[in-house]
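Okay, here's the structure, questions in a sec.
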Amino acid sequence: MNKQLILALSKGRILDETLPLLADAGIVPAEELSASRKLLFDTNLPDVKLVVIRATDVPTYVQLGAADVGVAGKDVLLEHGAEGLYEPLDLEIAHCKLMTAGVTGAEPQRARRRVATKFTEVARRYYAEQGIQAEVIKLYGAMELAPLMNLADEIVDIVDTGNTLRANGMEPRELIAPISTRLVVNKAAMTMKHDRIKPLVRRLQEAVARRREQASA
Ligand code: ATP
Ligand code: PRP
(Lines give C-alpha, C1' and ligand atoms only; values in the text may rest on other atoms or scores of the structure.)
(Ligands and ions follow the chains in the order given, each with its own letter.)
Protein backbone atom coordinates (compact mmCIF):
# COMPACT_ATOMS: atom_id res chain seq x y z
CA MET A 1 0.00 0.00 0.00
CA ASN A 2 1.29 3.47 -0.87
CA LYS A 3 1.90 5.15 2.46
CA GLN A 4 3.60 8.22 1.01
CA LEU A 5 2.03 11.47 2.22
CA ILE A 6 1.65 14.43 -0.11
CA LEU A 7 1.00 17.82 1.49
CA ALA A 8 -0.33 20.65 -0.70
CA LEU A 9 0.73 24.08 0.57
CA SER A 10 -0.66 27.42 -0.61
CA LYS A 11 2.07 29.62 -2.02
CA GLY A 12 1.82 33.35 -1.39
CA ARG A 13 1.21 34.97 1.95
CA ILE A 14 0.16 31.79 3.83
CA LEU A 15 3.38 29.89 3.05
CA ASP A 16 5.71 31.88 5.31
CA GLU A 17 3.42 31.26 8.28
CA THR A 18 2.78 27.61 7.42
CA LEU A 19 6.44 26.50 7.33
CA PRO A 20 7.25 27.23 11.02
CA LEU A 21 4.15 25.29 12.09
CA LEU A 22 5.16 22.35 9.89
CA ALA A 23 8.72 22.50 11.26
CA ASP A 24 7.34 22.48 14.80
CA ALA A 25 5.35 19.38 13.81
CA GLY A 26 8.55 17.73 12.50
CA ILE A 27 8.33 18.36 8.76
CA VAL A 28 11.04 20.47 7.10
CA PRO A 29 11.52 20.92 3.33
CA ALA A 30 14.78 19.40 2.08
CA GLU A 31 15.62 22.67 0.30
CA GLU A 32 14.71 26.37 0.43
CA LEU A 33 11.29 26.62 -1.27
CA SER A 34 11.56 30.21 -2.42
CA ALA A 35 15.00 29.66 -3.96
CA SER A 36 13.63 27.10 -6.39
CA ARG A 37 11.39 26.96 -9.45
CA LYS A 38 10.45 23.42 -8.42
CA LEU A 39 6.85 22.66 -7.40
CA LEU A 40 7.35 19.24 -5.75
CA PHE A 41 9.73 19.05 -2.80
CA ASP A 42 11.27 16.32 -0.65
CA THR A 43 11.27 16.80 3.10
CA ASN A 44 13.38 15.54 6.01
CA LEU A 45 10.96 12.58 6.14
CA PRO A 46 11.51 10.11 3.29
CA ASP A 47 7.79 9.41 2.82
CA VAL A 48 6.49 13.00 3.05
CA LYS A 49 6.53 15.34 0.04
CA LEU A 50 5.30 18.90 -0.42
CA VAL A 51 3.67 20.53 -3.41
CA VAL A 52 3.55 24.34 -3.37
CA ILE A 53 0.68 25.57 -5.53
CA ARG A 54 -1.79 28.43 -5.92
CA ALA A 55 -4.02 28.81 -2.88
CA THR A 56 -7.14 28.33 -4.97
CA ASP A 57 -5.85 25.00 -6.35
CA VAL A 58 -5.21 23.39 -2.95
CA PRO A 59 -8.79 22.14 -2.31
CA THR A 60 -8.91 20.62 -5.81
CA TYR A 61 -5.67 18.68 -5.28
CA VAL A 62 -6.88 17.38 -1.92
CA GLN A 63 -10.48 16.66 -2.95
CA LEU A 64 -9.32 14.59 -5.93
CA GLY A 65 -6.63 12.80 -3.91
CA ALA A 66 -3.59 14.15 -5.79
CA ALA A 67 -2.56 15.41 -2.34
CA ASP A 68 -3.57 13.78 0.95
CA VAL A 69 -3.45 16.90 3.10
CA GLY A 70 -3.66 20.61 2.29
CA VAL A 71 -3.28 24.04 3.83
CA ALA A 72 -5.71 26.68 2.58
CA GLY A 73 -7.59 29.80 3.65
CA LYS A 74 -11.19 29.35 4.81
CA ASP A 75 -12.16 31.86 2.09
CA VAL A 76 -10.81 29.52 -0.58
CA LEU A 77 -12.53 26.54 1.06
CA LEU A 78 -15.89 28.31 1.29
CA GLU A 79 -15.65 29.18 -2.39
CA HIS A 80 -14.59 25.68 -3.42
CA GLY A 81 -17.09 23.72 -1.31
CA ALA A 82 -16.43 20.97 1.24
CA GLU A 83 -17.13 17.87 -0.87
CA GLY A 84 -14.53 15.14 -0.32
CA LEU A 85 -12.69 17.12 2.34
CA TYR A 86 -12.34 16.98 6.09
CA GLU A 87 -11.26 20.15 7.84
CA PRO A 88 -9.82 18.85 11.12
CA LEU A 89 -7.78 21.85 12.25
CA ASP A 90 -7.72 25.65 12.33
CA LEU A 91 -4.05 26.62 11.98
CA GLU A 92 -4.92 30.07 13.41
CA ILE A 93 -2.78 32.00 10.91
CA ALA A 94 -3.61 34.67 8.29
CA HIS A 95 -6.66 35.91 10.17
CA CYS A 96 -8.86 38.24 8.14
CA LYS A 97 -12.53 38.66 7.22
CA LEU A 98 -14.65 38.07 4.14
CA MET A 99 -16.84 41.15 3.87
CA THR A 100 -19.02 43.16 1.61
CA ALA A 101 -17.77 46.70 1.01
CA GLY A 102 -18.95 49.78 -0.82
CA VAL A 103 -18.11 53.39 -1.54
CA THR A 104 -17.77 55.33 1.73
CA GLY A 105 -21.03 57.00 2.72
CA ALA A 106 -23.00 55.63 -0.26
CA GLU A 107 -26.28 53.83 0.46
CA PRO A 108 -26.64 50.48 -1.30
CA GLN A 109 -29.80 51.46 -3.27
CA ARG A 110 -30.10 49.32 -6.39
CA ALA A 111 -32.87 46.73 -6.36
CA ARG A 112 -30.51 44.45 -8.25
CA ARG A 113 -27.08 45.01 -6.79
CA ARG A 114 -23.98 44.55 -8.96
CA VAL A 115 -21.30 42.79 -6.93
CA ALA A 116 -17.70 42.38 -8.11
CA THR A 117 -15.69 39.58 -6.52
CA LYS A 118 -13.44 36.61 -7.07
CA PHE A 119 -15.60 34.75 -4.50
CA THR A 120 -18.60 34.32 -6.80
CA GLU A 121 -20.08 31.23 -5.09
CA VAL A 122 -19.75 32.79 -1.63
CA ALA A 123 -21.31 36.03 -2.90
CA ARG A 124 -24.25 34.27 -4.63
CA ARG A 125 -25.00 32.28 -1.47
CA TYR A 126 -24.67 35.30 0.81
CA TYR A 127 -26.92 37.66 -1.16
CA ALA A 128 -29.50 34.91 -1.70
CA GLU A 129 -29.56 34.27 2.06
CA GLN A 130 -30.08 38.00 2.64
CA GLY A 131 -32.92 38.07 0.08
CA ILE A 132 -30.99 40.60 -2.01
CA GLN A 133 -31.02 40.24 -5.80
CA ALA A 134 -27.40 40.37 -6.94
CA GLU A 135 -25.67 40.34 -10.28
CA VAL A 136 -22.31 38.78 -9.44
CA ILE A 137 -19.40 39.89 -11.63
CA LYS A 138 -16.28 37.69 -11.58
CA LEU A 139 -12.95 39.51 -11.19
CA TYR A 140 -9.52 38.03 -10.56
CA GLY A 141 -8.02 40.87 -8.49
CA ALA A 142 -8.15 44.56 -7.53
CA MET A 143 -11.83 44.26 -6.55
CA GLU A 144 -11.54 47.64 -4.78
CA LEU A 145 -11.31 49.33 -8.17
CA ALA A 146 -14.70 48.10 -9.40
CA PRO A 147 -17.01 50.57 -7.57
CA LEU A 148 -14.64 53.47 -8.37
CA MET A 149 -14.92 52.63 -12.07
CA ASN A 150 -18.69 52.13 -11.84
CA LEU A 151 -18.32 48.46 -12.70
CA ALA A 152 -20.12 47.41 -9.50
CA ASP A 153 -22.09 48.79 -6.54
CA GLU A 154 -20.43 46.58 -3.98
CA ILE A 155 -17.57 44.11 -3.65
CA VAL A 156 -17.03 40.92 -1.67
CA ASP A 157 -13.40 40.65 -0.62
CA ILE A 158 -10.87 39.94 2.11
CA VAL A 159 -10.50 42.72 4.67
CA ASP A 160 -7.71 42.76 7.24
CA THR A 161 -6.57 46.24 8.32
CA GLY A 162 -9.08 47.97 6.01
CA ASN A 163 -6.22 49.98 4.47
CA THR A 164 -6.90 48.81 0.91
CA LEU A 165 -10.57 49.79 1.19
CA ARG A 166 -9.76 53.20 2.74
CA ALA A 167 -7.10 53.94 0.14
CA ASN A 168 -9.77 53.51 -2.53
CA GLY A 169 -12.57 55.52 -0.88
CA MET A 170 -14.44 52.45 0.33
CA GLU A 171 -15.69 51.12 3.65
CA PRO A 172 -16.54 47.66 4.98
CA ARG A 173 -20.27 46.86 5.21
CA GLU A 174 -21.36 43.34 6.29
CA LEU A 175 -19.27 40.48 7.67
CA ILE A 176 -19.76 37.30 5.63
CA ALA A 177 -17.30 35.05 7.51
CA PRO A 178 -14.24 35.31 9.76
CA ILE A 179 -11.29 33.72 7.93
CA SER A 180 -8.15 31.85 8.98
CA THR A 181 -6.01 29.12 7.46
CA ARG A 182 -7.24 25.52 7.78
CA LEU A 183 -5.80 22.04 7.43
CA VAL A 184 -7.82 19.90 5.04
CA VAL A 185 -7.59 16.14 4.50
CA ASN A 186 -8.82 13.98 1.63
CA LYS A 187 -11.68 11.86 3.01
CA ALA A 188 -10.42 8.58 1.52
CA ALA A 189 -6.84 9.25 2.67
CA MET A 190 -8.14 9.90 6.20
CA THR A 191 -9.27 6.26 6.24
CA MET A 192 -6.56 4.63 4.13
CA LYS A 193 -3.62 6.51 5.68
CA HIS A 194 -5.13 7.08 9.10
CA ASP A 195 -1.98 5.88 10.90
CA ARG A 196 0.05 8.58 9.10
CA ILE A 197 -2.44 11.44 9.07
CA LYS A 198 -3.74 11.20 12.64
CA PRO A 199 -0.28 11.81 14.24
CA LEU A 200 0.39 14.66 11.78
CA VAL A 201 -2.88 16.37 12.73
CA ARG A 202 -2.08 15.88 16.42
CA ARG A 203 1.45 17.31 16.08
CA LEU A 204 0.13 20.31 14.16
CA GLN A 205 -2.58 20.79 16.79
CA GLU A 206 0.13 20.87 19.47
CA ALA A 207 2.21 23.31 17.39
CA VAL A 208 -0.81 25.63 17.04
CA ALA A 209 -1.47 25.43 20.80
CA ARG A 210 2.21 26.22 21.58
CA ARG A 211 2.06 29.23 19.26
CA ARG A 212 -1.14 30.44 20.91
CA GLU A 213 0.45 30.11 24.38
CA GLN A 214 3.58 31.98 23.26
CA ALA A 215 1.44 34.77 21.79
CA SER A 216 -0.53 35.21 25.01
CA ALA A 217 2.55 34.98 27.32
P1 ATP B 1 -4.20 33.26 -5.81
O2 ATP B 1 -2.75 33.51 -6.13
O3 ATP B 1 -4.57 31.82 -5.91
O4 ATP B 1 -5.17 34.19 -6.50
P5 ATP B 1 -4.22 34.98 -3.55
O6 ATP B 1 -3.41 35.98 -4.32
O7 ATP B 1 -5.55 35.40 -3.02
O8 ATP B 1 -4.37 33.59 -4.28
P9 ATP B 1 -2.73 35.36 -1.19
O10 ATP B 1 -2.94 36.83 -1.37
O11 ATP B 1 -1.36 34.82 -1.01
O12 ATP B 1 -3.33 34.51 -2.36
O13 ATP B 1 -3.66 34.94 0.03
C14 ATP B 1 -3.74 33.63 0.45
C15 ATP B 1 -4.69 33.55 1.61
O16 ATP B 1 -4.28 34.45 2.63
C17 ATP B 1 -6.14 33.93 1.32
O18 ATP B 1 -6.85 32.84 0.79
C19 ATP B 1 -6.63 34.38 2.68
O20 ATP B 1 -7.05 33.25 3.45
C21 ATP B 1 -5.38 34.99 3.32
N22 ATP B 1 -5.32 36.46 3.12
C23 ATP B 1 -5.47 37.15 1.99
N24 ATP B 1 -5.33 38.48 2.19
C25 ATP B 1 -5.08 38.61 3.50
C26 ATP B 1 -4.82 39.73 4.34
N27 ATP B 1 -4.82 40.96 3.86
N28 ATP B 1 -4.56 39.51 5.62
C29 ATP B 1 -4.57 38.26 6.11
N30 ATP B 1 -4.81 37.15 5.38
C31 ATP B 1 -5.06 37.32 4.10
C1 PRP C 1 -5.61 41.18 0.08
C2 PRP C 1 -7.10 41.33 -0.23
C3 PRP C 1 -7.34 42.80 -0.01
C4 PRP C 1 -6.30 43.17 1.03
C5 PRP C 1 -6.97 43.41 2.34
O6 PRP C 1 -4.89 41.57 -1.03
O7 PRP C 1 -7.42 40.91 -1.54
O8 PRP C 1 -7.12 43.55 -1.19
O9 PRP C 1 -5.39 42.07 1.16
O10 PRP C 1 -6.06 43.71 3.35
P11 PRP C 1 -6.16 45.08 4.17
O12 PRP C 1 -7.56 45.18 4.70
O13 PRP C 1 -5.14 44.91 5.28
O14 PRP C 1 -5.80 46.21 3.25
P15 PRP C 1 -3.34 41.23 -1.20
O16 PRP C 1 -2.51 42.23 -0.46
O17 PRP C 1 -3.06 39.80 -0.82
O18 PRP C 1 -3.14 41.42 -2.73
P19 PRP C 1 -3.89 40.62 -3.90
O20 PRP C 1 -4.88 41.62 -4.42
O21 PRP C 1 -2.78 40.30 -4.83
O22 PRP C 1 -4.53 39.38 -3.33
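Order of listing sets the numbers, starting from 1, for every ligand and every atom in it. Computed from a predicted structure; not experimentally measured. Each residue takes its place number in the sequence, starting with 1.
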Q.
For R113, is there an ion pair with D153 - N to carboxylate O distance below 4.0 angstrom?
A. no

Q.
Side chains of H80 and Q63: any donor to acceptor distance under 3.5 Å?
A. yes

Q) Can a donor-acceptor pair be found between the side chains of T56 and E79 at a distance below 3.5 Å? A) no

Q | Between S180 and R182, a side-chain donor and acceptor under 3.5 Å | A |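 Checked: S180/R182 side chains pair up, N/O donor to acceptor below 3.5 Å.
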
**Q.** atom 22 (O) of ligand 2 - nearest protein heavy atom and its distance
**A.**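 For this ligand atom, the closest protein heavy atom is K118 NZ, 4.5 Å.
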
Q. Y86 ring centre to K187 NZ or CZ under 6.0 Å, with the angle to the axis within 45°?
A. yes

Q | Atoms in ligand 2 flagged as close to T161, the criterion being non-hydrogen separation under 4.0 Å | A | 11 (P), 12 (O), 13 (O), 14 (O)

**Q.** Electrostatic pair E154-R173, nearest N-O below 4.0 angstrom
**A.** yes

(Q) Please determine whether a side-chain nitrogen of the Lys or Arg among R211 and E17 lies less than 4.0 Å from a carboxylate oxygen of the Asp or Glu. (A)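 Yes, this pair counts.
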
Q | Salt-bridge contact R166-E171 (side-chain N to carboxylate O under 4.0 Å) | A |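 The answer is no: the pair does not qualify as a salt bridge.
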
Q. N/O to N/O below 3.5 Å, does that happen between D160 and ligand 2?
A. yes

Q. Counting from 1, what ligand 2 atoms have a heavy atom of T164 closer than 4.0 Å?
A. 4 (C), 5 (C), 8 (O), 10 (O), 11 (P), 14 (O)

Q) Between M143 and ligand 2, which part of the residue brings a heavy atom under 4.0 Å of the ligand: side chain, backbone, both or neither? A) neither

(Q) Taking 4.0 angstrom as the limit and counting only heavy atoms of E144, give me the atoms of ligand 2 inside it, by number and element. (A)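 Checking each atom against E144, I get 3 (C), 8 (O).
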
Q.
With rounding to the nearest 0.5 angstrom, report the OG to CD1 distance, S10 to I53.
A. 7.0 Å

Q | Residues E213, R210: salt bridge by 4.0 Å N-O rule | A | no

**Q.** For I158, atoms of ligand 2 separated by under 4.0 Å from a heavy atom
**A.**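 That gives atoms 2 (C), 3 (C), 5 (C) of ligand 2.
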
**Q.** G162, any N or O under 3.5 Å of ligand 2 N or O
**A.**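 Yes - when backbone and side-chain N and O of G162 are compared with those of ligand 2, one distance drops under 3.5 Å.
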
Q) Nearest to atom 9 (O) of ligand 2, what protein heavy atom do you find, and at what distance? A) R13 NH2, 3.7 Å

**Q.** Amino acids contacting ligand 1, non-hydrogen cut-off under 4.0 Å
**A.** G12, R13, I14, R54, A55, T56, G73, D75, V76, A94, H95, C96, K118, I158, D160, I179

Q) Any idea which part of D157 is under 4.0 Å from ligand 2, heavy-atom wise: side chain, backbone, both or neither? A) side chain

Q. Roughly how far apart are N186 CG and I6 CD1, rounded to 0.5 Å?
A.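 One finds 12.0 Å between CG of N186 and CD1 of I6.
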
Q) Looking at atom 16 (O) of ligand 2, is any protein heavy atom nearer than 4.0 Å to it? A)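 Under the 4.0 Å cut-off, atom 16 (O) of ligand 2 does have protein heavy-atom neighbours.
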
Q. Less than 4.0 Å between a side-chain N and a carboxylate O, is that true for K3 and D47?
A. no

Q) Under the 4.0 Å line, does any protein heavy atom show up next to atom 20 (O) of ligand 2? A)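 No, there is none.
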
